[in-house]
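Below is one structure, written out as structure tokens, with a few remarks after it.
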Amino acid sequence: MSDRFAGKLLAWYDQHGRHDLPWHFDRNAYRVWVSEIMLQQTQVATVIPYFQAFMERFPDVQALASAPVDDVLGHWSGLGYYARARNLQKAAITIVEDFGGEFPDNPEELETLTGIGRSTAAAIVAQAYGKRAAILDGNVKRVLARYHAIAGWPGQTAVLNQLWEHAEEHTPEERPRDYTQAIMDLGAMVCTRTRPDCESCPLSNGCQAYARGETRLYPGSKPKKEKPEKATWMIIVEDEDGRILLERRPPSGIWGGLWSLPELDPALGADELQEACEQHLGMSCSEPELISGFRHTFSHYHLHIQPARLALTQPSKIADADQHRWFHRDEALVLGLPAPIRTLLTQPEQAALL
DNA sequence: TATGCGTGGGC
DNA sequence: TGCCCAAGCAT
């Protein structure tokens, strides 16, 4: 059911909306898809340079499907949530092999592709094909929670279901592509998390939170939880050529599938480090030089990273194994690296100062 | 249903 | 500074 809500929003969008984002040009399902995946839990300004570089390197779904995974992760390095990149390529292979290189144009089939859920499927259908489909991202949740004064945290199923109902109800038959962009733009530009600009909002007339002067109460906030503290050793091993040993991380878990510094059991004492390191790597190392550690905060925990530098005392026994490889710093930078590790390699002097 | 998954921005 | 959050999804 299309109502006044959509009409007002579209009129506002024509004047004030964002019409020139990179994925608005040469619009096709592939570009829309990649942009939607990058934009999951990630702000527009952060995504833009990644999207540009990604499209230069992987201009179509065939290029993505046939690329080495390290190359894909390398273009994702620093963007976070790396399962998105792995799922993206997996889905690209499915599209090439099972769909003849053609994107599905309906939400049901799109949702069978890994990494595409209800909202992303709808966004692709609306943005790429101009078909009516309701999205519900963080922006839409905020707009609708305020407009209808829906109490509670959207992580709760009951709250989420209400929001989905309203999202479906407001999405119009006409101009669904513009409407989808419009409601996201409103959430990003006017109905912001803090200090919404209600005076210039086209929907303030019917907004229940605004009528009550309670926009701050919506959407409800997530219940607080204590973040556990974790710790780990990060090992910087250099050989006689100044190359650094990197280790491919397991496919799941934090920084899954990325290249990183080898990790050792945090329970090890500094005096046990050398032996553990030699055992882990199968090579002889010097005594470790401890570098002052730093704390890295994730969504669910704090990680205290304790770097230790060792030098190789014998030539490397590791050939080109699958899990461990020697890299010069500039070589390493084209790999999928976690942001803190990338920083450490780009600014080696930081390792000494940490 | 709850949790794991990254990084940077904003206050 | 520490905390919440952002164009969510998979398990």
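Keep in mind that what you see is a predicted model, and the values were worked out from it rather than measured. Convention: sequence-line order gives letters A, B, ...; per-chain numbering from 1.
Considering only residues two or more places apart in sequence or on other chains, A:Asp14 meets the side chain to side chain donor-acceptor pair (under 3.5 Å) condition with A:Arg175. For the side chain to side chain donor-acceptor pair (under 3.5 Å) test, residues two or more places apart in sequence or in another chain that qualify with A:Ser77 are A:Arg342. Listed by chain and number, the residues in a side-chain contact (heavy atoms from CB on, under 4.5 Å) with A:Val334 amount to none (sequence neighbours excluded). Applying the side-chain contact (heavy atoms from CB on, under 4.5 Å) test to A:Glu287 and every residue at least two apart in sequence or in another chain returns A:Gln274. Take A:Glu247 and apply the side-chain contact (heavy atoms from CB on, under 4.5 Å) test, not counting sequence neighbours, and it matches A:Pro262, A:His280, A:His324.
Under the side-chain hydrogen bond (donor to acceptor under 3.5 Å, both in side chains) criterion, the residue pairs touching residues 95-114 of chain A are A:Asn87-A:Thr114, A:Asn106-A:Glu109, with sequence neighbours excluded. Within the structure, every pair that satisfies the salt bridge (Lys or Arg N to Asp or Glu O under 4.0 Å) test and touches residues 15-29 of chain A, not counting sequence neighbours, is listed here: A:Arg18-A:Asp185. Residue pairs meeting the side-chain hydrogen bond (donor to acceptor under 3.5 Å, both in side chains) criterion with at least one member in residues 49-61 of chain A, sequence neighbours excluded: A:Arg57-A:Asp71.
Once you apply a 4.0 Å limit to the heavy atoms of chain A, the touched nucleotides of DNA chain C run 5' to 3' over C:dC4 to C:dA10.
Using a 4.0 Å cut-off on heavy atoms, none of the residues of residues 142-153 of chain A approach DNA chain B.
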Pairs of donor and acceptor atoms involving the side chains of residues 215-230 of chain A, under 3.5 Å and at least two apart or interchain, shall be tabulated with distances.
residue	atom	partner	partner atom	Å
A:Lys227	NZ	A:Phe298	O	3.4
A:Glu229	OE2	A:Arg295	NH1	2.6

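In this structure, A:Lys225 reaches the B:dT3 phosphate: one of its side-chain N or O atoms is under 4.0 Å from OP1 or OP2.
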Dump the pairs, protein N or O against N or O of nucleotides 5-9 of chain B, anything under 3.5 Å, distances to one decimal.
residue	atom	partner	partner atom	Å
B:dC5	OP1	A:Ile254	N	3.2
B:dC5	N3	A:Tyr81	OH	3.4
B:dG6	OP1	A:Tyr81	N	3.4
B:dG6	OP1	A:Tyr82	N	2.6
B:dG6	OP2	A:Trp255	N	2.5
B:dG6	O4'	A:Tyr81	N	3.0
B:dG6	N7	A:Tyr81	OH	3.2
B:dG6	N7	A:Ser299	OG	2.9
B:dG6	O6	A:Tyr81	OH	2.8
B:dG6	N1	A:Gln41	O	3.2
B:dG6	N2	A:Gln41	O	3.2
B:dG6	N2	A:Thr42	OG1	3.2
B:dT7	OP1	A:Tyr82	OH	2.8
B:dT7	OP1	A:Ala339	N	2.7
B:dT7	OP2	A:Trp255	NE1	3.1
B:dT7	OP2	A:His296	NE2	3.3

